[in-house]
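To keep things clear, I will list the structure first and then write my remarks on it.
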Amino acid sequence: MATEYDVVILGGGTGGYVAAIQAAKNGQKVAVVEKGKVGGTCLHRGCIPTKALLRSAEVLQTVKKASEFGISVEGTAGINFLQAQERKQQIVDQLEKGIHQLFKQGKIDLFAGTGTILGPSIFSPTAGTVSVEFEDGSENEMLIPKNLIIATGSKPRTLNGLTIDEENVLSSDGALNLETLPKSIIIVGGGVIGMEWASMMHDFGVEVTVLEYADRILPTEDKEVAKELARLYKKKKLTMHTSAEVQAASYKKTDSGVEIKAIIKGEEQTFTADKILVSVGRSANTENIGLQNTDIATENGFIQVNDFYQTKESHIYAIGDCIPTIQLAHVAMEEGTIAANHIAGKETEKLDYDLVPRCIYTSTEIASVGITEEQAKERGHDVKKGKFFFRGIGKALVYGESDGFIKIIADKKTDDILGVSMIGPHVTDMISEAALAQVLNATPWEVGNTIHPHPTLSESFREAALAVDGNAIHG
């Protein structure tokens, strides 16, 4: 059976379902093809389930510190991991139902099957028809779109020679399906995902060892922020090795767990644990979707697009993790919105990726927007900066979370804020104010002269802005 649509989206993850909803709001007939569950990686294997487990870890640590707040707790606080997993799944299921409801409201057709892009055929003189294959073996559906949006997402990468079996060697996908916590774990990769897992596992009481290839953890973040997190984790006795070249071929299963070697500062060291978690980035899901039937160009597996996400086939767009932009859910959402509006002929502006806020949900949290001090200097900016520590904020002391700081960098000549980096309590909830400041080309003076309520954590942002010109009140 063949059906015509204004827009077909291949992939119902975060970028895909948002693009579908926006296209429907634009008055277009829309279909989504998804072989798994709507919500994709973010909802089922990433953002939401990991944050649910991180929250359980946070609550456990809060209960353990209850006596500091004058609260008596009988017995010893512990983790019921299966119950934490059940809570995680309830949250995921609720949000998935919400997406289905939004599809129903928008009259968006959902095809639960595997989509393949066809070339020019009897269905259409141009490439872009999507053939949907169903698991039950029923006849394929042919969806003939005027415009196609590819939103097939990404999958975890691994090291050459180190096979992920999701039993002894885990990806982040497999780690989310654990029924019991290991006593110890080696995490290969000290980037965003690796450090979030390290934080979670450590707070659950697992012995954690992080092996990071770069000379510091979080190599894409501000150096001072990464250094502060390393300091805090060293204080927590979480083991981290940087400049660690993991020898994938050395991996072996042992009677007590797993073993792998790494070369650190020229010396080979052996590491053992119950399990290994590999967290070395993600690769695009662009294989076996029919790209060979089109003129679409790829590089390193990522689809090449213009500023409005059009591929070389101008009626075919691509968004999210399958293109070489920042792999964040809110980026995919915005790309999907821009693509849908461009298809509808609406006036659209290209996305400025420097204005995208980035969050790391470790304990202690990290958030940033704009460029780092290092990047600013590389781009030729004459930089001035302000820094304010949370220990000078009353609300942070009230929470019992006074570690960390906020750092603002600005251009000496224009006075524009170039970037904001935060490490401290609830900074992932505070970074949006900094993002708005950058969108509006705000100066430190403008932020510093905006009254912030007291006592709040957000006062630290004002103090950091005042500190840029040496005017901080409490620091």
Side-chain angles (χ1 to χ4, degrees), residues 8-16 18-19 33 35 40-42 45-46 114-120 126-130 145 147-162 164 171-173 189 191-194 213-214 219-220 248 278-340 342-343 348-356 358 371 375 378-379:
V8 170
I9 293 102
L10 183 57
T14 307
V18 169
V33 181
K35 68 179 181 180
T41 294
C42 176
R45 299 178 299 281
T114 301
T116 303
I117 304 167
L118 305 181
T126 59
T129 295
V130 176
N147 291 276
L148 172 66
I149 300 177
I150 301 171
T152 47
S154 63
K155 57 183 178 291
R157 290 175 52 213
T158 188
L159 298 177
N160 289 333
L162 185 59
I164 292 175
S171 69
S172 54
D173 291 356
V192 174
I193 297 173
Y213 180 77
T220 60
V278 181
S279 178
V280 292
R282 300 181 65 86
S283 56
N285 282 327
T286 53
E287 297 176 356
N288 304 316
I289 63 171
L291 293 185
Q292 72 277 8
N293 300 322
T294 73
D295 292 330
I296 293 172
T298 63
E299 186 173 336
N300 298 322
F302 292 94
I303 297 171
Q304 302 301 295
V305 293
N306 65 14
D307 289 340
F308 300 103
Y309 309 107
Q310 290 172 290
T311 67
K312 278 194 171 182
E313 303 259 15
S314 61
H315 64 294
I316 301 179
Y317 293 66
I319 62 167
D321 284 6
C322 67
I323 66 174
T325 55
I326 306 171
Q327 292 184 326
L328 294 172
H330 46 286
V331 169
M333 290 181 187
E334 189 64 19
E335 290 171 347
T337 301
I338 291 171
H342 192 262
I343 287 170
T348 55
E349 292 186 7
K350 71 177 185 178
L351 178 57
D352 184 346
Y353 289 94
D354 281 348
L355 301 182
V356 172
R358 306 172 299 278
I371 57 178
Q375 290 170 328
E378 288 171 3
R379 296 185 189 186

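Positions are given from 1 along the sequence. All values below come from the heavy atoms of this structure, side chains included, with hydrogens, waters and symmetry mates left out.
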(message) Tell me if a side-chain donor or acceptor on T311 pairs with a main-chain N or O of I316 at a distance below 3.5 Å.
(response) yes
(message) Looking at every non-hydrogen atom in both residues, tell me the closest pair between A151 and C322 and how far apart they are.
(response) CA-SG, 4.5 Å
(message) Within the 4.5 Å heavy-atom criterion, are T41 and R282 side-chain neighbours or not?
(response) yes
(message) Distance check, rounded to the nearest 0.5 Å: E299 atom CD versus I323 atom CD1?
(response) 13.5 Å
(request) State whether a side-chain donor-acceptor pair under 3.5 Å links S154 with D321. (result) yes
(message) Please determine whether the number of non-hydrogen atoms from other residues, nucleotides or ligands lying under 6.0 Å from atom CD of Q304 exceeds 12.
(response) yes
(message) Nearest 0.5 angstrom please: L118 CG to T126 OG1, how far?
(response) 11.0 Å
(request) Indicate the atoms forming the closest heavy-atom contact of R45 with G40, along with that distance. (result) NH2-C, 3.9 Å
(request) Rounded to the nearest 0.5 Å, what's the gap from NZ on K155 to OG on S172? Could you check? (result) 13.0 Å
(message) Is it the case that atom NZ in K35 sees more than 12 heavy atoms from other parts of the structure closer than 6.0 Å?
(response) no
(message) So, using ring pair (Phe, Tyr, Trp, His ring centres under 6.0 Å) as the criterion, who are the partners of F302 when residues are at least two apart?
(response) none
(message) Looking at every heavy atom in both G16 and I319, which two are closest together, and how far apart are they?
(response) N-CD1, 4.1 Å
(request) With sequence neighbours left out, write down each residue that passes ring pair (Phe, Tyr, Trp, His ring centres under 6.0 Å) with H330, or none if nothing qualifies. (result) none
(message) To the closest 0.5 Å, what do you measure between CD1 (I150) and CD (E313)?
(response) 9.5 Å
(message) Whether the side chain of T286 engages the backbone of G301 through a donor-acceptor N/O pair (distance < 3.5 Å, no angle test) should be reported.
(response) yes
(request) Could you tell me which residues satisfy side chain to side chain donor-acceptor pair (under 3.5 Å) with D173, sequence neighbours excluded, listed by chain and number? (result) none
(request) Enter the distance from C42:SG to M333:CE here, rounded to the nearest 0.5 Å. (result) 6.0 Å
(request) Rounded to the nearest 0.5 Å, what's the gap from CD on E287 to OG1 on T152? Could you check? (result) 10.5 Å
Name every donor-acceptor pair, under 3.5 Å, that has one atom in a side chain of residues 348-356 and the other anywhere in the protein, sequence neighbours excluded.
| unit_1 | atom_1 | unit_2 | atom_2 | d |
| --- | --- | --- | --- | --- |
| D352 | OD1 | D354 | N | 3.0 |
| Y353 | OH | Y309 | OH | 2.7 |
| Y353 | OH | E335 | OE2 | 2.6 |
| D354 | OD2 | R379 | NH1 | 2.8 |

(request) Applying salt bridge (Lys or Arg N to Asp or Glu O under 4.0 Å), name anything that partners R358, two or more places apart in sequence or on another chain. (result) E221
(message) So which atom in I149 and which in A339 form the shortest heavy-atom distance, rounded to 0.1 Å?
(response) CD1-CB, 4.3 Å
(message) So which atom in H315 and which in A127 form the shortest heavy-atom distance, rounded to 0.1 Å?
(response) NE2-O, 2.5 Å
(request) For the residue pair Y317 and V305, establish whether any side-chain heavy-atom pair is separated by less than 4.5 Å. (result) no
(message) Could you walk me through whether T116 and V130 satisfy the side-chain contact (heavy atoms from CB on, under 4.5 Å) test, starting with their C-alpha distance in whole Å, then the side-chain angles of each, then the deciding distance to 0.1 Å, before giving a yes or no?
(response) CA-CA 5 Å; T116 303; V130 176; over 6 Å; no
(request) Work out which heavy atom in A332 is nearest to a heavy atom in G320; give both atom names and the distance. (result) CB-CA, 3.8 Å
Listed pairs under 3.5 Å, donor-acceptor, residues 289-298 side chains, sequence neighbours left out:
| unit_1 | atom_1 | unit_2 | atom_2 | d |
| --- | --- | --- | --- | --- |
| N293 | ND2 | I117 | O | 2.9 |
| T294 | OG1 | L291 | O | 2.8 |
| T294 | OG1 | I296 | N | 3.1 |

